[in-house]
Amino acid sequence: MRGIKRLPALSQHAPSRYFLLFIVLFTQGFPLGLFFIAIPTWLAANGVAPGLIGGYVGVATLPWSFKFLAGLLIDRYPYLPMGKRRAWLLLSQILIVASLLSSAYAAPAASEVTMLAAIAFAVNAACAFQDAAINGMAVDLVPDDERARANGILIAGEALGTAIGTGLSGILLARIGVDAALGLMALFVVLAVSLLLITRERPGERLLPWTSGVASQETRAHTAQAWGPLLRAVWSAIWRRDSILLAAALMLMGFTYGLYVVIAPVIAINFGGWSDEDFSALNGLASLVAAVAGMLVFGGLVDRIGTRIGGTAGMLNYALIGIVFVLMAPYWDAPSLFVIIIFTAFLTDALMRVATYATAMRLCDLRVAATQYALYLALISVGTIASGVMVGWLDDNGGTTLILLVGSGAGLLGTIAFCAIRAPAQSAEAPRNAF
């Protein structure tokens, strides 16, 4: 225990801070790869209609649209002796493990789409709570001049976990069953739980509720003591001009993403001749390459060129992917086409998220960072849910071509909105005695 007490606090040690952020998002990526890539691909391979797959994706995404409610609870009721976010982060990780293990016991078949959607909803609800806590921690502890780099690490961690989770779960789904995939994902989340148990946010805090330690003065100063001031601070923060533009851009980005997630495996399997296992492996490899690029290239690049240029370039390229896909329709049966497009999509997504998430951090008020940042990211899920609602109608009235073109149109509108943002140089500081 004495050795553990000498571990540097996250607020004082950048390598420890980055490592924890990476590990938490890395383990979070495992269930995301399972529920948003491997299972939709598995469903498509088992003959499930695009409309039902879209409904599944919408239900799985739904908890992320309410992530700001988790942020409100985290901001309002922190257990300060353990830090502002860490107790909530531990609780959410325990819930993820419990949800995955209990779902593995149920072991639904591909035909049981409703049960799969319910399982995806439960696990993603716990993941969304964890995401709100870790993102609030990042806004609190990462200096402004490190935020693009930190977002590169965060996105790389999640992308790497998604890559490995997608590849492993795709193999397990095809060869053993959904119960094995769910069980393995739970084991990886335990890794983050173990690391968080020996890490403090700030010096002098408790590792666990029954150990010694006290809340820091800095944390107390930025913590809400009542709902009224907290809600007023959130309301003021989200109705600024740049917040509204960012909200629109993120929602449209999520809409485009949702359409791509549904239609890509359908095209690959029904037109390209891919198996569900091979297509999941391709997505996993592309996610792995994007993770490395996000951590080693895009974070530093966005720090140099600025979030506006980086985000606009990423969102524009993301929007154009759908148009290129439509133009290349005669070549959908060429394996190299899917390799190029999938790799381009994952790399573009990494660049786009590094820039847009760093912009979101800069727009956050430190008093309500978990809530505001969670609200921004929840809007991506709102867009994805909307795409899940619409994809069946689009498929009935225009097929894959209409789905891709509508996704590209939404992406172009999002690019325009993001380009108009004038992000501040640093996050808004909380006024003294604000609460």
Side-chain angles (χ1 to χ4, degrees), residues 22-23 25-45 53 57 151-176 178 180-182 184-185 187-189 191 256-299 301 314 317-318 320-322 324-325 328 331-354 404:
F22 177 84
I23 289 296
L25 270 294
F26 172 69
T27 56
Q28 182 173 288
F30 281 86
L32 298 185
L34 170 65
F35 288 110
F36 289 107
I37 300 177
I39 287 182
T41 304
W42 181 55
L43 293 175
I53 298 175
V57 172
N151 272 286
I153 292 171
L154 285 166
I155 293 167
E158 185 171 282
L160 183 59
T162 301
I164 299 174
T166 299
L168 288 177
S169 57
I171 293 171
L172 291 172
L173 284 169
R175 300 185 181 182
I176 303 178
V178 70
L182 289 162
L184 184 63
M185 300 306 105
L187 293 179
F188 283 103
V189 179
L191 174 64
T256 300
Y257 169 81
L259 292 181
Y260 286 173
V261 164
V262 171
I263 205 60
V266 172
I267 295 174
I269 291 169
N270 295 339
F271 297 93
W274 289 75
S275 68
D276 58 332
E277 184 177 343
D278 288 343
F279 192 67
S280 291
L282 173 64
N283 278 271
L285 180 59
S287 182
L288 176 61
V289 172
V292 175
M295 183 165 53
L296 300 181
V297 179
F298 295 147
L301 176 64
N317 195 45
Y318 202 56
L320 294 177
I321 287 172
V324 172
F325 226 143
M328 298 299 290
Y331 307 99
W332 282 353
D333 58 350
S336 58
L337 173 65
F338 275 91
V339 172
I340 293 170
I341 288 182
I342 294 299
F343 271 82
T344 301
F346 273 92
L347 287 167
T348 298
D349 188 73
L351 171 62
M352 179 175 60
R353 290 176 188 270
V354 166
L404 290 167

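Below, all heavy atoms of this structure are taken into account, side chains as well, without hydrogens, waters or symmetry copies. If you read the sequence from its start, that first residue is 1, and numbering goes on from there.
- When all heavy atoms are compared, the tightest approach of Ile321 to Ala345 is CD1-CA, 3.4 Å.
- With sequence neighbours left out, Thr344 forms a side-chain hydrogen bond (donor to acceptor under 3.5 Å, both in side chains) with no residue at all.
- Here the closest heavy-atom approach between residue Leu351 and residue Phe298 is recorded as N-CD1, 3.6 Å.
- Applying the side-chain hydrogen bond (donor to acceptor under 3.5 Å, both in side chains) test to residues at least two apart or on different chains, none of the pairs has a partner in residues 261-272.
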Result block: side-chain N/O donor-acceptor pairs under 3.5 angstrom for residues 288-295, not counting sequence neighbours:
none

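- In summary, the aromatic rings of Phe338 and Phe325 are positioned with their centroids under 6.0 Å apart.
- Only one option out of Ile267, Thr256, Val324 pairs with Leu404 in a side chain to side chain contact (heavy atoms under 4.5 Å, CB included); it is Ile267.
- Atoms CD1 and CG, from Ile341 and Leu282 in turn, are 11.0 Å apart once rounded to the nearest 0.5 Å.
- Listed by first then second residue, pairs satisfying side-chain hydrogen bond (donor to acceptor under 3.5 Å, both in side chains) with a partner in residues 257-268 number zero, not counting sequence neighbours.
- For Ile269, the side chain to side chain contact (heavy atoms under 4.5 Å, CB included) partners two or more places apart in sequence, or in a different chain, are Thr41, Ala44, Ala45, Asp276.
- Distance check: Trp332 CH2 to Leu337 CG gives 9.5 Å after rounding to the nearest 0.5 Å.
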Tabulate below the donor-acceptor pairs under 3.5 Å that side-chain atoms of residues 26-36 make, not counting sequence neighbours, or state none.
{"from": "Thr27", "atom 1": "OG1", "to": "Ile23", "atom 2": "O", "distance (Å)": "3.1"}
{"from": "Thr27", "atom 1": "OG1", "to": "Val24", "atom 2": "O", "distance (Å)": "3.0"}
{"from": "Gln28", "atom 1": "OE1", "to": "Gln130", "atom 2": "NE2", "distance (Å)": "2.8"}
{"from": "Gln28", "atom 1": "NE2", "to": "Asp131", "atom 2": "OD1", "distance (Å)": "2.9"}
{"from": "Gln28", "atom 1": "NE2", "to": "Glu158", "atom 2": "OE1", "distance (Å)": "3.0"}

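- Pro40 approaches Val57 most closely through the heavy-atom pair CG-CG2, 4.2 Å.
- Residues Ala286 and Ile342 share a closest heavy-atom pair of CB-CG2, 3.8 Å.
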